[in-house]
Amino acid sequence: MEDTNELIAQRRQKLESLKDEGINPYPNDFRPDTLSAELVSRFTELDKEALTSVTESFSLAGRIMSKRVMGKASFVHIMDRKGRLQVFVKRDLIGEEAYSRFKKYDIGDFIGITGRIFKTNVGELSIEAAELRLLVKSLRPLPEKWHGLTDQETRYRQRYVDLIVNPGVKELFKKRSRFINVVRDCLIERDYLEVETPMMQPIPGGATAKPFVTHHNALGMDLYLRIAPELYLKRLVVGGIERVFEINRNFRNEGISQQHNPEFTMLEFYQAYATYDDLMDIIEDMVSRAAMEINGSCKVEYQGETIDLSPKWTRMTVKEAILKHSDASESVLSDRKKAFDYAKKIGLEPEERWGLGKILTEIFDEVAEHKLIQPTFITQYPTEVSPLSRKNDDNPDIVDRFELFITGREMANAFSELNDPIDQKERFNLQVAEKDAGDEEAHFMDEDYIRALEYGMPPTAGAGLGIDRLVMLLTNSASIRDVLFFPHMRPEEGRKTITDEEKKH
RNA sequence: GAGCCGCUAGCUCAGUAGGUAGAGCACCUGACUUUUAAUCAGGUGGUCGUCGGUUCGAUCCCGACGCGGCUCACCA
């Protein structure tokens, strides 16, 4: 990391010579009183002539993004959090000493300017520096002004540079923030309470996934990074928080891809005296409102497809989806043997211990999931693959559950919650048997969760929404890495991870 | 985890049928008081991802490794 090229050496030398002159290269006593965008919105409509009567002085701070020296006058563009503005620096105005110092400032340095506003001969609104100070000396050169930074790896690893030189990046992350705000608004206006529950859990639950393990030294015990907040949020419903949600990270010890990062952000929300039907309405509202807020339309372009997010969305059962998107006959849907054979026929590797429900789910994933481009709620999941969901009153083989698919990807999972403690215990026992049989993703037994249910959980429905994937959709991003500031990357310099040997110290 | 592709100056990229590497931007020196990819003149800058092999000689050919991108597998 201690690379020293000529350009860095030159800047360090400039830093030293500034210090020799008695100048603090990192002061913190400059207070800008305006922003680039404020000046633009106030004055951009006025012409050159009209601006000559504006004598007010403004203070502005920002990073130098370009610099053009023309002898005894110069132009720089500075960038602050709202945009860019041109600064005109004239020797006659700031004085000979300040001007010759200014000529040594580099692109990337921060400066503070005080002066009046005017328009140049070609009509660009600019601030004329009456005073100019260095606020920060930058020691590393920025990528070039024309092509910018395009190397994906560097953009992810050095997001700070990406943010400086690629303006779209900041815009994207502002959209991400606004999306989360809309989600929060939708729930808070329905009287939900936002909470935080443990990320380090002795028993990881609430999803079928492989957890990360960590260790608590003082307690001498392993802990798991949570794969879902579900069981804790439902404990809160037991406790009387009838409408509750959490937006935060989950951690899953699985592969990395364009759709998967080891840590990702989920919304989970639970509402007592509601069914999964009610949650469909909330999710439709949330996502369509967010689309309007972010893109001004319920129609979004995603990787060449137009997705229409206007409510109401298509609703279809798992079995209907299989029939629609494959050549499976109706008998496959109710006959385990036929389902098993059909699964093999389409290239799956069903296991002997799988029941009809699990097989049908796998068939659905294979044939239908990637075809669900427009928003679609898939309902009536098999009980076998839904250990936390409430059974359907008319058919115990299915549960009152839906998943939401958009662009062929799962965006949300929701169900009426299982609140029968005896049924829940039996389902946990089945999961434990799965685990003993080698399924690393099967649930653990959670005795305390059963105890909580035994006190009584009101009839409740709950949902989980993949925030990152929805942000991808709304920003037309192909990779989850584009919607995370710091996506997970291997260490830069070789495989310098902490070894077991080093861990002992 | 598997396959394919990539890694050359700070950035964006050329290139060498194997003979010590180029451009633009950036940077340095000089000129220039309304420019805007400013302009003009001159200049600096590279263990060509790492290690090994073949060769008189490797950035180029071969192998291993590292990192990344894409595809597939698992998953949300």
Side-chain angles (χ1 to χ4, degrees), chain A residues 3-11 13-14 48 65-77 84 86-94 99 103-104 106-108 118-126 128 138-158 161 164-166 206-210 227-228 250-268 347-349 362 365 369 403-405 409-413 440-441 464-470 472 478-481 487 489-497:
Chain A
D3 48 348
T4 46
N5 63 56
E6 192 190 10
L7 300 176
I8 293 174
Q10 279 165 1
R11 288 179 176 223
Q13 211 148 26
K14 287 176 176 175
K48 188 171 164 70
M65 297 305 293
S66 67
K67 190 180 177 201
R68 295 177 291 280
V69 178
M70 281 159 306
K72 297 175 186 65
S74 301
F75 290 92
V76 299
H77 273 97
R84 296 182 183 211
Q86 181 168 262
V87 182
F88 182 50
V89 187
K90 198 159 59 164
R91 192 188 69 174
D92 293 352
L93 204 58
I94 66 166
Y99 191 75
K103 284 211 277 187
K104 290 183 197 154
D106 290 304
I107 290 171
F118 77 109
K119 270 190 178 170
T120 63
N121 288 340
V122 291
E124 179 164 348
L125 187 74
S126 308
E128 184 184 55
S138 164
L139 297 179
R140 281 178 186 268
L142 289 171
E144 67 145 306
K145 59 187 172 187
W146 197 239
H147 299 94
L149 181 67
T150 60
D151 182 72
Q152 282 301 333
E153 179 174 357
T154 312
R155 291 185 60 204
Y156 297 144
R157 287 193 193 278
Q158 296 179 244
V161 180
I164 293 167
V165 301
N166 291 324
T208 46
K210 288 177 220 158
I227 52 176
N250 290 342
F251 307 86
R252 298 190 184 173
N253 205 342
E254 288 159 2
I256 294 176
S257 77
Q258 282 195 110
Q259 274 83 243
H260 301 84
N261 195 64
E263 53 179 302
F264 63 100
T265 301
M266 280 267 282
L267 160 71
E268 284 203 11
L348 298 174
E349 293 172 8
E362 295 289 324
D365 287 347
E369 180 168 348
E403 289 194 358
L404 167 64
F405 294 88
R409 294 172 189 161
E410 186 186 340
M411 295 286 178
N413 179 20
E440 283 185 84
E441 297 183 352
L465 245 83
I467 296 291
D468 309 292
R469 288 187 175 179
L470 285 163
M472 286 168 68
S479 171
I480 193 170
R481 299 183 198 97
M489 303 284 272
R490 283 197 173 85
E492 263 180 272
E493 294 173 40
R495 275 192 172 276
K496 277 191 187 166
T497 47

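Reminder, nothing fancy here: chain letters follow the sequence lines and each chain counts from 1.
As rounded to the nearest Å, B:rU54 and B:rA14 have P atoms that lie 32 Å from one another. Nucleotides B:rC27 and B:rA23 place their C1' atoms 16 Å apart, quoted to the nearest Å. Comparing B:rU35 with B:rG22, their C1' atoms are spaced 30 Å from each other, to the whole Å. Between B:rA17 and B:rA58, the distance separating the two C1' atoms is 15 Å to the nearest Å. The P atoms of B:rC60 and B:rU50 are separated by 10 Å, rounded to the nearest whole Å. A distance of about 14 Å separates the C1' atoms of B:rU44 and B:rG10, rounded to the whole Å.
Rounded to whole Å, the distance from CD1 on A:Ile256 to C1' on B:rA2 is 16 Å. Residue A:Met489 contributes atom CE, which lies 17 Å from atom P of B:rC7 at whole-angstrom precision. Atom CD of A:Glu6 is separated from atom C1' of B:rC11 by 15 Å (rounded to the nearest Å). The interatomic distance linking A:Leu149 (CG) with B:rG68 (P) rounds to 16 Å, in whole Å. With rounding to whole Å, A:Lys119 atom NZ is found 16 Å from B:rU35 atom C1'.
Under the Watson-Crick or G-U wobble criterion, with both distances below 3.5 Å, B:rU39 is paired with B:rA31.
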Problem - A:Glu441 and A:Thr208: CA distance, side-chain angles, deciding distance, side chain to side chain donor-acceptor pair (under 3.5 Å) verdict - result: CA-CA 5 Å; A:Glu441 297 183 352; A:Thr208 46; 4.8 Å; no
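The base of B:rG24 sits with one of its N or O atoms less than 3.5 Å from a complementary donor or acceptor on the side chain of A:Glu144. Remark: the A:Gln86 side chain and the B:rU35 base include a donor-acceptor N/O pair separated by less than 3.5 Å.
The shortest side-chain heavy-atom distance between A:Glu124 and A:His77 falls under the 4.5 Å cut-off. No side-chain heavy atom of A:Gln10 sits less than 4.5 Å from a side-chain heavy atom of A:Lys104.
For A:Thr150, the side-chain atoms get nearest to B:rC13 when compared with the rest of B:rC13, B:rC28, B:rC67.
The aromatic ring of A:Phe75 does not stack onto the base of B:rA38, failing the criterion of a centre distance under 5.5 Å from the six-membered base ring together with planes under 30° apart.
Across the interface with RNA chain B, nearest-nucleotide mapping of A:Arg68 and A:Ala207 shows A:Arg68 to be the residue nearer the 5′ end.
Here the side chain of A:Lys48 pairs a donor or acceptor atom with the backbone of A:Lys119 at under 3.5 angstrom.
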